[in-house]
2 protein chains.
Amino acid sequence: MTEPLPPFPVPEGHDDLLDDLKKLNALPEVVPAPGEPPRLRADAARNRTRLLEVAARLADEGGAARLTMEAVANAAQVGKGTVFRRFGDRTGLLIALLDHHERELQAAFLTGPPPLGPDAPPVERLRAFGAAVIRHDHAHRDLYLAAHADASRRHTSPAGLLRLSHLCMLLRRAEAPGDVELLAQTLLGYLDVSLVDHLVARRGMTLERLEDGWTHLVGRLAGKG
Amino acid sequence: MTEPLPPFPVPEGHDDLLDDLKKLNALPEVVPAPGEPPRLRADAARNRTRLLEVAARLADEGGAARLTMEAVANAAQVGKGTVFRRFGDRTGLLIALLDHHERELQAAFLTGPPPLGPDAPPVERLRAFGAAVIRHDHAHRDLYLAAHADASRRHTSPAGLLRLSHLCMLLRRAEAPGDVELLAQTLLGYLDVSLVDHLVARRGMTLERLEDGWTHLVGRLAGKG
DNA sequence: AGGGCAACCGGACCCTGGTCCGGATAGCGG
DNA sequence: CCGCTATCCGGACCAGGGTCCGGTTGCCCT
């Protein structure tokens, strides 16, 4: 369960990914922030992990719906204020909860085996990335949907920025023509949880169809010249 | 100010657009719904328009933020329950408010002059559509952003469905290869208010750049075979 | 060891979205 | 013109998110 929040390990050999992150002003959150690993006080740290444990339990008992700030506070034997101070707001709590899953995904595409990880040609990695994200997010859609309620956060959360810069990097390596950042945003939009969920749940599409759509999209957008 | 809600006039010569709407299960909301123009009682109708007027005033005085249900109710000299019964929830009120602007846009791309309206080749209409939507939504982003808080509504509102099916139609006429509905969703995602706003406000992009990006995207996705 | 201070804690408090139901009223048929 | 009912109205009520501040406590420095 996601402890005090060590910034994730951007592996060696990904300098251009780092460049992208830099350009996206994501540094303070994503990279070791040289001087300030805002150490929690002992009791605070203890409470933090207890809160996350409790929250995780509540979440998979009653779904994200039952995950109310007060419920978490009570179940963790803590005042409501404490929850807010620690996580800022409900969205913050949700993001913290998802952080764990998110890291699994990140590990897969940053350092995992091909075709998702390095050692595969960029276009292939792009395809794999889409499929992985679709399945991953869909598996945890409850929480992701709840977290996405906050529209602005979607574009500024560390996890989102990492996905974005990863796409930028792959597109650049694939020598995709055009405005790379906008292309990446377009692709990211296709993977949006709420869109995928809507297409699956309300329009009856299968994940396979969505993956095929992704493949086609990548083929069209990442093709050279 | 948007009266009792006459369903919008899908003009002659757009049969395929209607087909798309049908396929999207959008009929009940979008098309004249033969038997049920749910007539409001006189007092109800009166209240409805008063509420919309008041809401519009509040909205451009204090921004969407000041648009609280109770405030609207009070300003319109009406109980809070009335506002909720009429519009369902806050999002409903916002959508109703936006309906007016939305119709202007719809008129432009359904029956207006080229390149937006008919009598222009599909790809050109696609380009124009993007630019128009970007500017239109951005001009009213306050309300659109507030309305978009409800993620699920974005994909099911009549206005959104119309945009979607319009894109489907144009893509089909342009003989774009691939899964037309998914392509349309992708394009729609690019135009998402919260994305555009984020790119402009937080990443410092200009609307021109976004429009260029759109043009490029259309070129890539709508090109034949 | 112990003193001082920053950080933390708790829970009362406020605000707003949303629900509910007893009472009023428009509109219709006689 | 009158009475009946479906519809509407109002505002009391609830829940959940977010804020605040007086009191407490870990942590560091001497």
Side-chain angles (χ1 to χ4, degrees), chain A residues 4-5 35-52 54-55 58-59 62-97 143 145-153, chain B residues 4-5 35-52 54-55 58-59 62-97 143 145-153:
Chain A
L5 188 63
E36 8 244 319
R39 293 235 355 184
L40 273 314
R41 229 168 69 174
D43 49 352
R46 220 177 321 133
N47 278 340
R48 187 189 143 88
T49 69
R50 245 217 339 276
L51 284 170
L52 282 175
V54 163
L58 287 184
R66 191 167 296 179
L67 208 68
T68 155
M69 296 302 258
E70 203 158 12
V72 173
N74 291 342
Q77 313 234 33
V78 139
K80 195 166 34 151
T82 303
V83 188
F84 278 93
R85 192 170 341 91
R86 194 58 31 195
F87 299 103
D89 55 12
R90 201 176 111 102
T91 305
L93 173 61
L94 291 170
I95 290 181
L97 260 183
L143 289 179
L145 282 172
H148 268 223
D150 196 328
S152 75
R153 216 68 139 273
Chain B
L5 189 61
E36 8 245 321
R39 292 236 357 178
L40 276 308
R41 226 168 71 173
D43 49 351
R46 221 177 322 134
N47 277 341
R48 187 189 143 89
T49 68
R50 246 217 338 274
L51 284 170
L52 283 176
V54 163
L58 286 185
R66 190 167 297 178
L67 209 68
T68 156
M69 296 304 256
E70 203 158 12
V72 173
N74 290 343
Q77 313 235 30
V78 140
K80 203 186 358 174
T82 304
V83 188
F84 278 94
R85 192 169 342 91
R86 193 61 27 190
F87 299 103
D89 55 11
R90 198 176 113 103
T91 304
L93 173 61
L94 291 171
I95 290 181
L97 260 184
L143 289 179
L145 282 172
H148 269 223
D150 195 329
S152 76
R153 215 69 139 273

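Here the structure is a predicted model, which is why all the values come from computation and not from measurement.
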(message) Distance check needed: dT7(D) C1' versus Arg46(B) CZ, whole Å only.
(response) 14 Å
(request) With DNA chain C as reference, determine whether Met69(B) or Val78(A) sits nearer its 5' end, using the nearest nucleotide of each. (result) Val78(A)
(message) On DNA chain C, compare the nucleotides closest to Arg86(A) and Arg41(B); which residue's is nearer the 5' end?
(response) Arg86(A)
(message) Does dC9(D) have its OP1 or OP2 closer than 4.0 Å to a side-chain nitrogen or oxygen of Arg85(B)?
(response) yes
(request) Starting from the C-alpha separation in whole Å, work towards a yes-or-no answer on side-chain contact (heavy atoms from CB on, under 4.5 Å) for Leu67(A) and Arg90(A). (result) CA-CA 9 Å; Leu67(A) 208 68; Arg90(A) 201 176 111 102; 4.1 Å; yes
(message) Between P on dG16(D) and CG on Asp150(A), what's the gap in Å once rounded to a whole number?
(response) 20 Å
(request) Report the distance from atom CG of Leu40(A) to atom C1' of dC9(C), rounded to the nearest whole Å. (result) 14 Å
(message) Measuring to OP1 and OP2 of dG17(C), would you say a side-chain N or O of Thr68(B) lies under 4.0 angstrom away?
(response) yes
(message) In this structure, how many angstroms lie between the P atom of dT7(D) and the CZ atom of Phe84(B), rounded?
(response) 22 Å
(request) Report yes or no: is there a donor-acceptor pair, N or O only, under 3.5 Å between the side chain of Lys80(B) and the base of dG18(C)? (result) yes
(message) Nearest 0.5 angstrom please: Asn47(B) CG to Arg85(B) CZ, how far?
(response) 9.0 Å
(request) Search all heavy atoms of Ala146(A) against all heavy atoms of Ala64(A) and return the closest pair with its distance. (result) CB-CB, 3.9 Å
(message) Would you say Asn47(B) places a side-chain N or O within less than 4.0 Å of OP1 or OP2 belonging to dC9(D)?
(response) yes
(request) For Glu70(B) and for Ala44(B), find the nucleotide of DNA chain D with the closest heavy atom, then tell me which residue's nucleotide is more 5'. (result) Ala44(B)
(message) From CG of Leu67(B) over to P of dC15(C), roughly how many Å is that when rounded to an integer?
(response) 18 Å
(message) If you compare all heavy atoms of Arg66(B) against all heavy atoms of Leu58(B), which two are closest, and at what distance to 0.1 Å?
(response) O-CD1, 4.5 Å
(message) Output the rounded distance in Å from CZ (Phe87(A)) to C1' (dG17(D)).
(response) 16 Å
(message) Within the 4.5 Å heavy-atom criterion, are Val78(B) and Arg86(B) side-chain neighbours or not?
(response) no
(message) I need the CG-P distance between Leu94(A) and dG17(D), as an integer number of Å.
(response) 10 Å
(message) What is the separation between atom CG on Asp89(B) and atom C1' on dT16(C), rounded to the nearest whole Å?
(response) 13 Å
